[in-house]
Every structure is written in structure tokens, then in C-alpha cells.
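Index from 1, following the sequence.
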Amino acid sequence: GRMWATRSGFSWRLLLFSCVFLESLSQDFVGQTQFICTSVPKDVDICAATLQNSVPGEDLKTTVMQLRETVLQQKETIINQKETIRELTSKLARCESQSGGQFSRSNNSVQTNSLKDLLQSKIDDLEKQVLSRVNSIEEGKPGLRNETEQRGRVESTLTSLHQRITDLEKGQRENRPLDKFQLTFPLRTNYMYAKVKKSLPEMYALTVCMWLKSNASPGVGTPFSYAVPGQANELVLIEWGNNPMEILINDKVAKLPFLINDGKWHHICVTWTTRDGVWEAYQDGVKRGGGENLAPYHPIKPQGLLILGQEQDTYGGGFDATQAFVGDLANFHIWDRKLSEGEIYNLATCSSKAQVGNVFAWMETSLDIYGGASKWTFEACRHLN
């Protein structure tokens, strides 16, 4: 600013302070401004002094306060504008990076029209990509149509075959006794199985017998598994991998001397008692081996779930395709006692004296079948070959 002053009788330090103070205010105040510094006697109150141009002291005080308030408002406005500029600059930088530098910035200010143009350009590019994709799909439509038609024919054929099988099963079922059937598991899956509708009672002894036919390798899989809450391997018959067939009771294992995966029908039985855990194994009516200490004094628990064709890793589930049974299964019976050798022989030779299981007897109405396992008419001893 300009300074009107004389040197005599006044303090230069006070004059310098007044000018510096007003100069600092002028630096913070934005706009075309001009301040006039006036010298004031040392012992006179600046607010009470009278300026040379006759401005009263009270007016000077009011002017200073107004200037101070204006400066504060201006500083707050500048801070807000700086923050806005910072945000817009950040957004602009992101837009530039995404558009490969096609978007430009002028005088550090974001142009709304430029941003709008960029967004429109992005939309146009996306439309072109979509249109290009549609055109390529249209060009390849004959191949897609052929593939779709071929898939439709396959599905139609499968549906027709499934219906024919259902009709055949229905026709056979109308003409056969409820126990003259076999279950067929053609593939090693984790979804084909049969569930026995009722559970087993508590048992201190048992005999389990069945007809099996399989040429699966390695191992025929799991003909049946019985799981109870807290023990998935309460009673299991399994031939898995390169291991021999095994029976598990309460997750304890005995290896069985069976050789059955030759594609022929075989009758097998296993007996067991809690006393000393004694067990015996019979194939085709003949005792092949036995042992003891198989879960001794552990009664088989009731209220479990009996599954044919799958091994339960958890109660009612956890099926593993590598442990699934592949082949045919029929005449599955369970007793809560140990059958004699003669009784087992009668079963294997289809004697008229053959008994049915008193805990579970083989009946179509006793099973629910899932996953595509099928039922066919079965006559035990006619299938021996």
C-alpha cells in the first residue's frame, strides 16, 4: 500500500508494525484492494485516533473488524475450493488413466463438457464391443444351432430309453413276486443308491447274506453301509481299491476271504456275535474263513440308516464315487442271530427250506431307489453260470 507520513515525533516501529499487519491481511484477501497506512502517535490509542482524512476512530474499528471477517470468509471459501479442485483432479486422473490419456486438463480446472464427452465416448466403445460380439455370435449361429439340435436329440434319446426302462420295469413288476428282483448299479457314481425304509434294531449277533455279481476293478465297492449318529461305520461291507473285501463293525475291520469280481453271481454271508467278536465268512454256501476280536461286546446300535450301493462318510451322506458299488445285488437279508452252516447252504442253493431275514427281508416295497439305479427280475439259482 501507499504510506503517507512525516518522520518527526512518531515511532517508526509502530508505523512498520501497522503496515506489516495490514499487508498480511492484504495477502489473504483475494481481489483488487489497496490499503493506506497512517502514522499514529505512540501514546494514542489507534482505535481512538483521528485520521488525516477525518475518518472517526469508531469507523476505523468497524472497518478493521469487517475486513477481518471478510478475510476469514475468503479463507474458508478458498479452502473449500481447494478441496473441490483436489477431488476433481483425482477423478480426472482416474479418467485419464482409464481412457489412455485421451482426456485432457486445462488450467487445472475440470471441464464438465469434457467429462461428459469422455463418458459418451466410453458408452460408444461399449456399444461397439457389444455389437461386434453379437455379429460374431450371429456368424457362428449355424454351428451353435447344430450343436443345440444334437444335444436335443441326445436328450430325447435318453428320455426315450429311460421311459422304455420304466415301462419294462413296470411290466415285470406286474408279473413277479415282490422279492424276485435285483438292483443294478451300472456306473461308479456318488448318487446311485437304495435306501432301506426302516432302521435296524440293537443287535448282539447278526447274519447278513446277499447275491452279488460284479466285474468291477479295482474292488466292487460298497454293497451296503449302516450308519448311526456319531458313527458312520457302524456296519459296512466294502471292497475298495486293491484291498480285499472287508467288514467293519463300529469302525473295527476284519478282512474277508472273498473272490467275487469275476462277473458271475456269488452268494456271500457273514455271521458275527458280540461275544469275543467272533465272525465267519461264507461264499457260495461254503465257509471260507473266520476270526475273532471284531468289535467284541459292542452291540450294533439301533436307529441308523441302511444304504445299498454307497459308503456313508457321514450319517446319510458323504458318498464317494470311488467307494460306490458297481454291479448287481439281490436277495439282501439280515438276521439278528448267527445262522448255521446248513441254513446258509440252503440259501446259497435256493433250497425250499431257505429262510428270509427277520430283521430285514428283501422286498421291493422296503426300498427307495435314487439316482438311476434300476430294478430287474431275478431268480437266484437260474442266474448261476
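- Looking at Thr271, its side chain never comes within 3.5 Å of a backbone N or O of Leu339 through a donor-acceptor pair.
- Between Trp335 and His333, the angle of the ring planes lies from 30° to 60°, which puts this pair in the tilted group.
- Glu202 and Pro302 get closest at one heavy-atom pair: N-CB, 3.5 Å.
- Distance CG/Leu305 to OG/Ser199: 7.5 Å, rounded to 0.5 Å.
- Hydrophobic cluster membership differs between Leu212 and Trp376, with clusters built from Ile, Leu, Val, Met, Phe, Trp and Tyr side chains linked at under 4.5 angstrom.
- A donor-acceptor contact closer than 3.5 angstrom links the side chains of Asp284 and His266.
- Contact annotation: the side chain of Pro244 never approaches that of Phe258 to less than 4.5 Å [non-hydrogen atoms, C-beta and beyond].
- In this structure, Tyr345 places its OH atom where only 12 or fewer heavy-atom neighbours from other residues, nucleotides or ligands lie under 6.0 Å away.
- The OH atom of Tyr282 lies 13.0 Å from the CG atom of Leu256; values are rounded to the nearest 0.5 Å.
- In this structure, Ser225 contributes its side chain and Val236 its backbone to no donor-acceptor pair below 3.5 Å.
- Here the straight-line distance linking atom CD1 of Ile344 with atom OG1 of Thr349 works out to 11.5 Å at 0.5 Å rounding.
- Contact annotation: the side chain of Ile238 approaches that of Leu248 to within less than 4.5 Å [non-hydrogen atoms, C-beta and beyond].
- If you look at Phe319 and Tyr193, their ring centroids are closer than 6.0 Å.
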Item to check | side chain to side chain contact (heavy atoms under 4.5 Å, CB included) between Lys180 and Glu379, intermediate numbers included | outcome: CA-CA 6 Å; Lys180 304 297 183 184; Glu379 286 287 346; 3.8 Å; yes
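- No donor-acceptor distance shorter than 3.5 angstrom exists from the side chain of Asp320 to the backbone of Glu311, with no hydrogens or angles considered.
- We find that Lys287 and Glu280 are joined by a salt bridge, their nearest charged nitrogen and carboxylate oxygen being less than 4.0 Å apart.
- Rounding to the nearest 0.5 Å places CZ of Phe332 at 15.0 Å from CG of Asp179.
- Listed for the Ser214 side chain is a donor-acceptor partner under 3.5 Å among the backbone atoms of Val326.
- A distance of 11.5 Å separates CG of Leu206 from NZ of Lys338, quoted to the nearest 0.5 Å.
- Contact detail for Ala295 and Trp272: the closest heavy-atom pair is O-CZ2, 3.5 Å.
- In this structure, the separation between CD1 on Ile260 and CH2 on Trp211 is 12.0 Å, given to the nearest 0.5 Å.
- With hydrogens and angles disregarded, no donor-acceptor distance shorter than 3.5 Å links the side chain of Asp276 to the backbone of Val278.
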Checklist entry - Is there a side chain to side chain contact (heavy atoms under 4.5 Å, CB included) between Leu237 and Met210 once you walk through the steps? => result CA-CA 11 Å; Leu237 184 67; Met210 71 201 76; 3.8 Å; yes
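- For the residue pair Asp262 and Asn215, no side-chain donor N or O sits within less than 3.5 Å of a side-chain acceptor on the partner.
- When atom types are taken as modelled, the side chain of Ser351 and the backbone of Asn346 share no donor-acceptor pair closer than 3.5 angstrom.
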Item to check | Steps toward side chain to side chain contact (heavy atoms under 4.5 Å, CB included) verdict (Ile369, Lys375) | outcome: CA-CA 9 Å; Ile369 300 174; Lys375 291 184 292 186; 3.1 Å; yes
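- Side-chain contact annotation: Glu343 with Gln355, donor-acceptor N/O pair under 3.5 Å present.
- Side chain of Thr189 to backbone of Ala321: no donor-acceptor contact under 3.5 angstrom is found.
- With Tyr226 contributing its side chain and Lys301 its backbone, the two residues share a donor-acceptor pair below 3.5 Å.
- For the pair Arg188 (side chain) and Ala324 (backbone), a donor-acceptor distance under 3.5 Å is present.
- Ring to ring, Phe378 and Trp265 are close: their centroids are under 6.0 angstrom apart.
- Using cut-offs of 30° and 60° for the angle between ring planes, the Phe185 and Phe325 rings count as perpendicular.
- For the pair Ala232 and Ala227, the tightest heavy-atom approach, listed with the atom from each and the gap, is O-CB, 3.4 Å.
- Using modelled atom types, one finds no donor on one side chain facing an acceptor on the other under 3.5 Å when comparing Glu239 with Asn261.
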Checklist entry - Stepwise, does the side chain to side chain contact (heavy atoms under 4.5 Å, CB included) test hold for Ile268 with Met245? => result CA-CA 11 Å; Ile268 62 172; Met245 184 166 280; 4.3 Å; yes
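- At a cut-off of 3.5 Å, with distance as the only test, a side-chain donor of Asp328 or Thr184 sits close to an acceptor on the other residue.
- Between His298 and Ile249 the shortest heavy-atom distance is CD2-CG2, 4.4 Å.
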